[in-house]
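Beneath this line is the structure, given in structure tokens, with notes to follow.
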Amino acid sequence: MTYFTVWEDFAKAVERLYAENPEKCRFVTSFRHVDKSLIIKMTDDVVCLQYRTDQLQDVKKLEKLTGTVMKKMITA
């Protein structure tokens with residue numbers, strides 16, 4: 001599995017994937033203590049989108065993306 005290198009591309013792909021099949025999508029975050037990296041994954045069991053970061057500023061971006069996806073879940 002490959003990782004996105006640009007946050008904006010990852011965020012757009014996540015929103016697109018959720019819009020296509022909201023019933024099957026899962027959003028997972030994990031933190032690796034070994035290399036202090038945050039891994040974000042969105043999957044619908046067919047497509048798997050991943051992003052890895054060790055930058056604190058990306059946590060704020062994650063909060064914004066999570067809020068956007070949650071709003072879509074609530075309104076659907």
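Computed from heavy atoms alone, side chains included, the values below leave out hydrogens, waters and symmetry copies. We're numbering straight along the sequence, starting at 1.
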TODO: Among residues two or more places apart or on two chains, list those pairs meeting salt bridge (Lys or Arg N to Asp or Glu O under 4.0 Å) that have a residue in residues 3-22.
DONE: Glu15-Lys72

- [ ] Kindly compute the distance separating CG (Leu62) from NZ (Lys64), expressed to the nearest 0.5 Å.
- [x] 12.5 Å

Task: CA sep, side-chain torsions, deciding dist, call: Tyr18, Asp44, side chain to side chain contact (heavy atoms under 4.5 Å, CB included) - done: CA-CA 8 Å; Tyr18 182 77; Asp44 68 353; over 6 Å; no

Task: Rounded distance (nearest 0.5 Å) linking atom CD of Gln50 with atom CD1 of Ile40 - done: 10.5 Å

Show every donor-acceptor pair shorter than 3.5 Å between a side-chain atom in residues 26-34 and any protein atom, with sequence neighbours excluded, or say none if there are none.
| residue | atom | partner | partner atom | Å |
| --- | --- | --- | --- | --- |
| Arg26 | NH1 | Asp45 | OD1 | 2.9 |
| Arg26 | NH1 | Asp45 | OD2 | 3.4 |
| Arg26 | NH2 | Asp45 | OD1 | 3.1 |
| Arg32 | NE | Asp35 | OD1 | 3.2 |

TODO: Run the numbers on Leu17 and Cys25 for side chain to side chain contact (heavy atoms under 4.5 Å, CB included), then give the verdict.
DONE: CA-CA 8 Å; Leu17 182 64; Cys25 284; 4.0 Å; yes

Open item on the list: Does any part of the side chain of Asn21, heavy atoms only, come nearer than 4.5 Å to the side chain of Glu23, both counted from C-beta?
Closed with: yes

- [ ] Compare every heavy atom of Phe4 with every heavy atom of Leu49, then report the nearest pair and how far apart it is.
- [x] CD2-CE1, 3.7 Å

Run the side-chain donor-acceptor check on residues 51-58: report pairs under 3.5 Å with partners two or more places apart or on a different chain.
| residue | atom | partner | partner atom | Å |
| --- | --- | --- | --- | --- |
| Tyr51 | OH | Asp58 | OD2 | 3.3 |
| Arg52 | NH2 | Tyr3 | OH | 3.0 |
| Thr53 | OG1 | Gln55 | N | 3.1 |
| Thr53 | OG1 | Asp58 | OD2 | 2.4 |

- [ ] Hey, could you give me the OG1/CE distance between Thr75 and Met73, rounded to the nearest 0.5 Å?
- [x] 10.5 Å

